[in-house]
Amino acid sequence: MAFAQAVQSHTDTIDRKWWKEAVVYQIYPRSFKDSNNDGIGDLKGIISKLDYIKSLGVTVVWLNPIYSSPNDDNGYDISNYRNIMDVFGTMADFDALLKGLHDRHIKLVMDLVVNHSSDEHEWFKQSRSSRTNPYRDYYHWWPAEKGKPTPRYSFFDINSDAWKYDSLTNSYYLHYFSRKQPDLNWENPKVRTEVDDIMKFWLDKGIDGFRMDAFQYVAKDTTFPVFPPGYEKNINKYYGMGPHLHDYIKEMNTNVFSKYDIMTVAEGAGSTLEDAHNLVDADRHELNMAYHFEGVDITNKPGGYTLLDLKQVYTKWDKDFEDKGWLAIFMANHDNPRMVSNFGNDSPGFRDLSSKMLTTFLMTMRGTPYYYNGDELGMTNIGFTDIKDYRDVAALNGYKHVVNTGGDVQHYMQELRVRSRDNSRTPFQWDSSENAGFTMGTPWIKVNPNYTTINAADEDKDPNSCLSYFRKMVSLRKVNLVLVYGKYNLVDADNPNVYAYTRELDGKKMLVLLNFTAKDATVTSGIDLSKAKVLIQNYTTPINQNHLRPYEAIVYQMN
Ligand code: NOJ
Ligand code: CA
């Protein structure tokens, strides 16, 4: 195994960990593979594709939530944390999936969604039933006789209002996400004990870690102070890293994490570099890593991102974490548009090249890469133009909000077309048969019609496909520790077209050249390439040294 070989050549100066050397493959179960033709992906479907997953070379799978859920937010609203969602299968299916992954030396990381539960969870049913119910304090309630609570913003609410009035007990409850996702009250030690027990339940089954959903938001100032106007534009600052957050994570670490060999990754990293360090630095005994949003947020800018923005963000974070702490590296997931559409160029002439270029970037940066299912095929945004095609609660409620407030619906639809989360949630494109081989039924969300040309079966046969390139990039990373731990240095920093950097470890040096544009570009690296060896490139024709063709990507070994 690559890991065992690497161990022999390892340097004593680096703090080696399996989760740092991992390549994480994210599976969105609803859209991966449907085994029973009800139009919804399921666990048996994933099981049927285990050999495909293995063939990618990835070492960890992160599975989006598969627990019982009324699916207001596709599983991020959990009604039973110890059960499998009906449409996904049974606990026996889950056990078989875990075994199938472990038999193939792939670890499994699960989503832990405990900032909120579903309003259909038994805790919430009890909690809302009376003010004196023992579960009342599992959630945040505000008695209406005190007047209206201090405003809080909700991501998914039709009115953007995070307080929902409930006449049953004449009180408001808090929900940062949809009305069907009431926030749990972490200030209540009983809630924290429940969460510890849930984590132990899954860890004792043998899973290998948690991706902690919306975790920076769990701790709240329950006096609910007034935030300054415009606070909702900087949610992470006002909602994130609340009082006692670190106490709670330390408690989880002592009670649970420290007893298992697992990886823990926080969604969100606060609003400063210091926040992020406080979550993940090893001597803090909290979490292993976090993913910050700055890398994907730059694409929200009107007119799109510039390469200089991208370099600035990644260089800043890398420099700040080079001695301490560890980060996740990602360009897409189920909450973002498709990688190639968002950061590359999904037009027919450049989709393949730019997708491979972005894969090269992710697999040669320091940090643990998280790669979203379907990106290995170069899958693209679907760009629905009819609101009826959307399924995401964020899109649908956002639409109603715009309509109700007399906003610019056309502009909103334009935004959705490019930014909606449904872009990355369309079914995985397995082959060119009907519905891309995802289902023989009616898919829960439309299949991207480009499946006839972009699909795993065709790409598997083609040594120059995005899929084949991804496999090569993964194995390159796995056998070159320099790509995991090596020092990162930006080269030709102000070049607006080319992202160039070196990675160095134990005297071994690599140079990565990435043309982020659809035009020829030059790079002034100041590095003598005469003895350099090309490890991988995304063109099949010879390289012309410092001149890069559109979206060209090259990794050189310098010595
Ligand atoms: C972040 C998840 O990634 C997203 O899909 C979800 O809607 C929210 N958290 C709420 O759980
Ligand atoms: Ca199914």
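Whatever order the structure lists ligands and atoms in, that order sets their numbers, starting from 1. Hydrogens, waters and symmetry mates are skipped; everything else that's a heavy atom, side chains included, is used. Position 1 is the first residue of the sequence; numbering continues from there.
Paired with Tyr176 under the rule ring-ring contact (aromatic ring centres under 6.0 Å, His included), one option of Phe156, Tyr239, Trp163, Tyr238 passes, and it is Tyr239. Of the candidates Asn64, Val113, Val114, Val113 is the only one forming a side-chain contact (heavy atoms from CB on, under 4.5 Å) with Asp213. The one candidate from Asp72, Asp157, Asp73, Asp77 that meets the salt bridge (Lys or Arg N to Asp or Glu O under 4.0 Å) condition with Arg179 is Asp157. Shown are Phe224, Tyr173, Tyr217; of these, the ring-ring contact (aromatic ring centres under 6.0 Å, His included) with His140 is made only by Phe224.
Not less than 6.0 angstrom separates the ring centroid of Tyr372 from the ring centroid of Tyr25.
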Practice task
Give the intermediate values and the outcome of side-chain hydrogen bond (donor to acceptor under 3.5 Å, both in side chains) for residues Asn435 and Lys446.
Solution key: CA-CA 8 Å; Asn435 292 325; Lys446 280 188 179 163; over 6 Å; no
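Using a 30° and 60° split on the angle between ring planes, Tyr81 and His121 fall in the tilted class, from 30° to 60°.
Annotation: ligand 1 has protein neighbours Asp73, Tyr76, His116, Phe156, Phe177, Arg211, Asp213, Glu267, His334, Asp335, Arg421, Arg425, each with a heavy atom less than 4.0 angstrom from the ligand.
With a 6.0 Å cutoff to the six-membered ring centre and a 45° limit on the axis angle, Arg421 does not count as a cation-pi contact of Tyr390. Seen from the ring of Trp141, Arg136 counts as a face-on cation partner, given the 6.0 Å and 45° thresholds.
Listed by chain and residue number, the protein N/O/S atoms under 3.0 Å of the Ca ion (ligand 2) are Asp34 OD1, Asn36 OD1, Asp38 OD1, Ile40 O, Asp42 OD2, with waters left out.
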